[in-house]
2 protein chains.
Amino acid sequence: MNTISKNGPTPVTMDTRERILEAAERIFAECGFEATSLRQITREAGVNLAAVNYHFGSKEGLLKELLRMRIVPMNETRQALLERYQFQSQSDDRPASLEQIFDAFLRPYFEAGAPGGDRNGLFMHMLGRVFSEKPGFMESFYEEHFKDIQEIFIAAIREAQPELAEEEVLWRFHFALSLMLSSMTQRQRLKISSHGHCDPDDIEGLILRLIEFICAGFRSPILPKTNFEIVGIKS
Amino acid sequence: MNTISKNGPTPVTMDTRERILEAAERIFAECGFEATSLRQITREAGVNLAAVNYHFGSKEGLLKELLRMRIVPMNETRQALLERYQFQSQSDDRPASLEQIFDAFLRPYFEAGAPGGDRNGLFMHMLGRVFSEKPGFMESFYEEHFKDIQEIFIAAIREAQPELAEEEVLWRFHFALSLMLSSMTQRQRLKISSHGHCDPDDIEGLILRLIEFICAGFRSPILPKTNFEIVGIKS
DNA sequence: GTGGGAATTATACAACTGTTTGAATCTGCG
DNA sequence: CGCAGATTCAAACAGTTGTATAATTCCCAC
């Protein structure tokens, strides 16, 4: 049992388990899952190598625990926020707006790793990386942690956009989700490509812009076969 | 020199170099860069292990060559397509539409790996993975292969949307690019989450829906501080 | 204090990694 | 043919990987 003193008011004892989780989240986010070694994690956590397998069974067990730890409360916040918006709108006898729905969906995600503010962006960066890195891994996690919450939000979208065909709802939700996941892992690209015009660390600005972008996409008219003039694309 | 017979009309001799590239593209796309071993590649390619280092210098050299090989012609196609759209619109004395711009930008990307049709989605899947997997890697490639083409397309967007502030153009282009990259790597997720309602293999449908979604996002009104009613988010 | 389960430790394991080497083989030109 | 350069090959390199195992230390109820 290691005792470290944080600069907070109360000194906190941080046991091996927590120190591993802390270091793992940081390094997974930075280097990805495959490229991160257990020795790297245990070294930075200041614990013994075997501690990972003792506490989490395996490297993958560590990852799963890390995800579970963050995703469960995040989804609870999402649902609570959505229900509040729905309750607010209910007095006017209308469904929650698309903006409210996606605020409830996006905001807890971007703030999941940052309750105190200092771990900002760490978790979702990791999540985005893991999803793009471990193909078979996502399926099991979808079933366990995303299926229900997705159903809830898609139902809310249907209410807000009743004229939109089911297939289009699913396509566009897929776009929204992809955009949400990648806009974190790709944040540093914005810094490079905008030549300093945009501030990727402005999380609130990112959230609002994402909501705006996604809602506009959802309100786009139903797709005709070709809704703009392209003549002779092929060769 | 290995000679294999393809089921096409003309038997094709495929030398070691090409066989490595073919296998590497396939396995990188499936497993990612870090998780793929050279032995896996050379085994499936039917060549000797040392051949990779002989022909490409290193594993990373193989990846770079693979990317260069696909990206250069892809960007040429993008530019040619954009110029054609601009020429078409020019007769009406107006700039190319957002739809045309993003068709020129997206279509060559989604069709890059599939000139004959059978390698569909392989390359961009790999590209998306590599970008999310190798952080420092992207910067150098941005400078070499994306900076110029991005400038060209952003200039076209400015003409199509002159009233949009520069910062917002960059944010939204970032969103569009992120969405393009991730909508390939995340394709199988759509298959799962839509429960068969959507067909992720319908590339043409994907392109058109993406264009529609992105253009709507770009036409969204300029971001006010909060353009929808959220009261008491905190706590 | 003492026993006993929990936790930590150092060490070792087998497997796998990218890369290198030097010899063997092939290819094409004189 | 004969030789030179390009290519392929089996083998080994040193290093790292995740995991397993015993021995040790710690801590708390009794």
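Below, chains carry the letters A, B, ... as their sequence lines are ordered, and counting in each starts from 1.
- Side-chain contact check for A/Leu208 versus A/Glu212: every heavy-atom pair is 4.5 Å or farther apart.
- In this structure the side chain of A/Glu204 never reaches within 4.5 angstrom of the side chain of A/Phe110, judged on heavy atoms.
- At whole-Å resolution of the value, CZ in B/Phe56 and P in C/dG18 are 15 Å apart.
- Fit an axis to the five pairs at each end of the helix from C/dG1-D/dC30 to C/dG30-D/dC1 and the two axes sit 0° apart, to the nearest 10 degrees.
- Remark: B/Lys59 qualifies as a cation-pi partner of B/Phe33 under the 6.0 Å distance and 45° angle criteria applied to the six-membered ring.
- Nucleotide D/dA10 holds its C1' atom 17 Å from the OH atom of B/Tyr54, rounded to whole Å.
- The separation between B/Glu18 atom CD and D/dT7 atom P is 13 Å, rounded to whole Å.
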N/O donor-acceptor pairs under 3.5 Å from side chains in residues 73-83 of chain B, not counting sequence neighbours:
from	atom 1	to	atom 2	distance (Å)
B/Asn75	OD1	B/Arg78	NH1	2.9
B/Asn75	ND2	B/His145	O	2.7
B/Thr77	OG1	B/Pro73	O	2.9
B/Arg78	NE	B/Phe105	O	2.9
B/Arg78	NH2	B/Phe105	O	3.4

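- The side chain of A/Lys59 lies closest to D/dT19 when the candidates are D/dA6, D/dT19, C/dT8.
- One interatomic measurement links the two molecules: CD of A/Glu34 to P of D/dT17, which rounds to 12 Å at whole-angstrom precision.
- Annotation: side chain of B/Ser193 is not in contact with side chain of A/Leu170 (no heavy-atom distance under 4.5 Å).
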Nucleotide N/O to protein N/O under 3.5 Å, stretch nucleotides 14-16 of chain D:
none

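- Between C/dA6 and A/His55, no contact under 4.0 Å exists linking OP1 or OP2 to a side-chain N or O.
- Within the 4.5 Å cutoff, the side chain of B/Leu66 has no heavy atoms near those of the B/Phe56 side chain.
- Residue contacts shown for B/Thr42 are absent, as no nucleic acid heavy atom lies under 4.0 Å away.
- Residue A/Thr16 has its side chain nearest to C/dT8 when only C/dT8, D/dA6, D/dT21 are considered.
- Nearest to the side-chain atoms of B/Leu49 among the listed nucleotides D/dA6, D/dA12, D/dA20 stands D/dA12.
- Of the candidate nucleotides D/dG18, C/dT9, C/dT21, D/dG18 has the atom lying nearest to any side-chain atom of A/Leu38.
- By the 30° and 60° cut-offs, the orientation of the rings of B/Tyr142 relative to A/His195 is tilted.
- Both A/Ala51 and B/Asn53 lie near DNA chain C, and the one whose nearest nucleotide falls closer to the 5' end is A/Ala51.
- We find that CZ of B/Arg17 is positioned 11 Å from P of D/dT8, with the value rounded to whole Å.
- Taking atom CG on A/Leu63 and atom P on D/dG18, their separation rounds to 13 Å, with Å as the unit.
- Ring orientation note: the planes of B/His174 and B/Trp171 are nearly perpendicular, at an angle over 60° on the 30°/60° scale.
- Comparing C/dA6, D/dA10, D/dA20 by their nearest atom to the side chain of B/Ala50 picks out D/dA10.
- If you measure from atom CG of A/Asn48 to atom C1' of D/dC26, you get 14 Å, rounded to the nearest angstrom.
- Under the 4.5 Å side-chain criterion, counting only non-hydrogen atoms from C-beta, A/Glu166 is in contact with A/Arg158.
- Residue B/Ile41 contributes atom CD1, which lies 12 Å from atom C1' of C/dT17 at whole-angstrom precision.
- Two rings, from B/Phe102 and B/Phe218, have their centers less than 6.0 Å apart.
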